[in-house]
Amino acid sequence: MPKRKFQAPTEQQLAVRRDYIPDALLTRCPVCHQDCYTQDLGEFKACPHCDYGFRLPAWERVAQLTDAFDEHDADLRAPADFTDAAYQDKLRRAAAQSQMNESVLTGIAATDGMQFGLGVMDTNFMMGSLGSATGEKITRLFDTCTIQKLPVVMVTASGGARMQEGTRALMQMAKISAAVAKHRETGLLYITILTDPTTGGVTASFAMQGDIMLSEPRALIGFAGRRVIEQTIQQTPPADFQRAETLFANGWLDQIVPRPALKQTLQRLLRLTQGGRQNGWYHCL
């Protein structure tokens, strides 16, 4: 029987076939550059090849880490005295995209019967940038937890200080750091969970001030961008020099935890450290 000659499909036939292909069928990992079926990312949105955690909205992280959550300062937003129309429009679009009024979600959470303060930054709101309202919300969280004698967990994800607010945004680094120091002086625990990306002024302040510092695999963590560093030192840094694994190897992180194990790890740490620094919780680690 003679072989059938291959006949390429027409454009019309290809168009019909494409109609049956689901949208976003494949997702490419930005770190290992491997393609995978989007449905294989699972509920934790983690790459099956390298464990990189794709960026998540704040409320999804809250659902993954806690059993209950009481949001605080939900209506707090950037001051109205910023008259730049383009900035105000950008704030409105960010709020619509993220369903939040600012780039951080804060409140009192509970897991496994233990209460703690929780702050979660959201890259869907202007890349998680640190503005004056962001700083005020985080500061209030630490102040509340200092009064109530609760540990604090911060999940960081940010492109740095919000330049539209100028000096007012940069001052949030010192403002939050002062609240962190006051919380620490009372012997209370502060845990940071660094996610992709944690950069700029957030890295230069409260993201790196935790008593226990965790990170998701392959997270980008650094201060200046790669291009700025290359231009400054006139050298080409290693490809992974700002990844969590490099920071861990050089002693900047305590542990790298895959996203599916974060809740269990957090519960274990909170259980071990219930006594606080005053009772020598660090000897349990």
Side-chain angles (χ1 to χ4, degrees), residues 58 61-62 64-66 69-73 103-122 128 130 134-158 160 172-195 198-216 219 221 223 244 247-248 251-257 261-285:
R61 287 197 177 276
V62 168
Q64 291 179 6
L65 290 174
T66 72
F69 181 72
D70 178 25
E71 185 181 3
H72 288 191
D73 302 310
S103 60
V104 68
L105 179 67
T106 59
I108 303 301
T111 183
D112 197 26
M114 296 172 288
Q115 279 195 325
F116 60 98
L118 177 63
V120 181
M121 305 189 79
D122 193 330
L130 178 61
T134 315
E136 178 65 19
K137 291 185 71 171
I138 297 173
T139 300
R140 289 186 186 184
L141 175 67
F142 275 96
D143 289 345
T144 298
C145 291
T146 300
I147 294 170
Q148 298 184 13
K149 298 191 181 303
L150 293 175
V152 173
V153 176
M154 277 297 307
V155 182
T156 62
S158 178
Q172 303 310 309
M173 299 164 58
K175 178 179 175 179
I176 298 171
S177 295
V180 172
K182 186 178 178 181
H183 182 263
R184 177 175 288 119
E185 286 171 3
T186 62
L188 297 168
L189 175 68
Y190 174 34
I191 299 175
T192 54
I193 302 174
L194 283 65
T195 71
T198 296
T199 60
V202 172
T203 302
S205 55
F206 60 94
M208 305 299 285
Q209 292 172 350
D211 298 304
I212 300 174
M213 296 179 55
L214 309 178
S215 173
E216 292 186 338
I221 303 166
F223 178 63
L247 271 74
F248 177 72
W252 287 94
L253 299 173
D254 293 304
Q255 189 175 359
I256 297 175
V257 184
L262 270 175
K263 183 175 183 179
Q264 184 179 8
T265 301
L266 184 60
Q267 290 174 343
R268 181 172 60 87
L269 290 173
L270 290 173
R271 199 176 300 116
L272 285 171
T273 58
Q274 281 295 290
R277 186 183 287 102
Q278 293 171 339
N279 291 339
W281 57 258
Y282 43 82
H283 294 306
C284 301
L285 304 180

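Note: hydrogens, waters and symmetry copies are ignored here, and every other heavy atom, side chains too, is used. Computed from a predicted model, the values in this text were never measured in an experiment.
Looking at heavy atoms from C-beta onward, L150 lies out of side-chain contact with L188 at the 4.5 angstrom threshold. Side-chain contact check for I138 versus M154: some heavy-atom pair is nearer than 4.5 Å. You'll find the side chain of F69 stays beyond 4.5 Å of the side chain of I108, heavy atoms only. At a threshold of 4.5 Å between non-hydrogen side-chain atoms, the residues M213 and M208 count as touching. The shortest distance between side-chain heavy atoms of R271 and M114 falls below 4.5 Å. No side-chain heavy atom of I221 sits less than 4.5 Å from a side-chain heavy atom of T199. At least one side-chain heavy atom of V62 sits under 4.5 Å from a side-chain heavy atom of L105.
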### Message
Applying side chain to side chain contact (heavy atoms under 4.5 Å, CB included) to T106 and E71, what does each step give before you reach the verdict?
### Response
CA-CA 6 Å; T106 59; E71 185 181 3; 5.8 Å; no
### Task
Would you check, one step at a time, whether the test side chain to side chain donor-acceptor pair (under 3.5 Å) holds for Q209 with T192?
CA-CA 8 Å; Q209 292 172 350; T192 54; over 6 Å; no
### Message
Determine whether V152 and F116 satisfy the following criterion, side chain to side chain contact (heavy atoms under 4.5 Å, CB included), listing intermediate values before the conclusion.
### Response
CA-CA 6 Å; V152 173; F116 60 98; over 6 Å; no
### Query
Can you check side chain to side chain contact (heavy atoms under 4.5 Å, CB included) on L194 and L214, steps first, answer last?
CA-CA 6 Å; L194 283 65; L214 309 178; over 6 Å; no
#### Entry: V104/V120 under side chain to side chain contact (heavy atoms under 4.5 Å, CB included): CA gap, chis, key distance, verdict
CA-CA 5 Å; V104 68; V120 181; 5.8 Å; no
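The heavy-atom pair separating T195 from T156 by the smallest distance is OG1-O, 2.6 Å. The nearest pair of heavy atoms linking A179 to T139 is CB-CG2, 3.9 Å. Across G201 and S205, no two heavy atoms sit closer than the pair O-OG, 2.7 Å. Across all their heavy atoms, E216 and A244 have their closest contact at O-CB, 3.6 Å.
The closest side-chain donor-acceptor pair between T265 and Q255, if any, does not fall under 3.5 angstrom.
A distance-only check finds no donor-acceptor pair linking the side chain of T134 to the backbone of L130 [under 3.5 Å]. T203 places a side-chain N or O within 3.5 Å of a backbone atom of T198 that can act as its donor or acceptor partner. For D70 (side chain) and G107 (main-chain N/O), no donor-acceptor pair under 3.5 Å exists by modelled atom type. Under a 3.5 Å cut-off, the side chain of S103 and the backbone N or O of D122 do not form any donor-acceptor pair.
In this structure, Y190 has its ring center closer than 6.0 angstrom to the ring center of F142.
With sequence neighbours excluded, the residues forming a side chain to side chain donor-acceptor pair (under 3.5 Å) with T111 are Q267, listed by chain and number. S158 is linked by a side chain to side chain contact (heavy atoms under 4.5 Å, CB included) to M121, V202, counting only residues two or more places apart in sequence or in another chain.
With I212 as the fixed residue, the side-chain contact (heavy atoms from CB on, under 4.5 Å) test singles out one of D254, I193, V153: D254.
With respect to K137 and D73, no salt bridge is recorded, no charged nitrogen being found less than 4.0 Å from a carboxylate O.
With rounding to the nearest 0.5 angstrom, the CZ atom of R140 is 14.0 Å from the SG atom of C145. Note that OG1 of T273 and CZ of R268 are 10.5 Å apart. Values are rounded to the nearest 0.5 Å.
Sorted by first then second residue, the side-chain hydrogen bond (donor to acceptor under 3.5 Å, both in side chains) pairs that include residues 142-155, not counting sequence neighbours, number zero.
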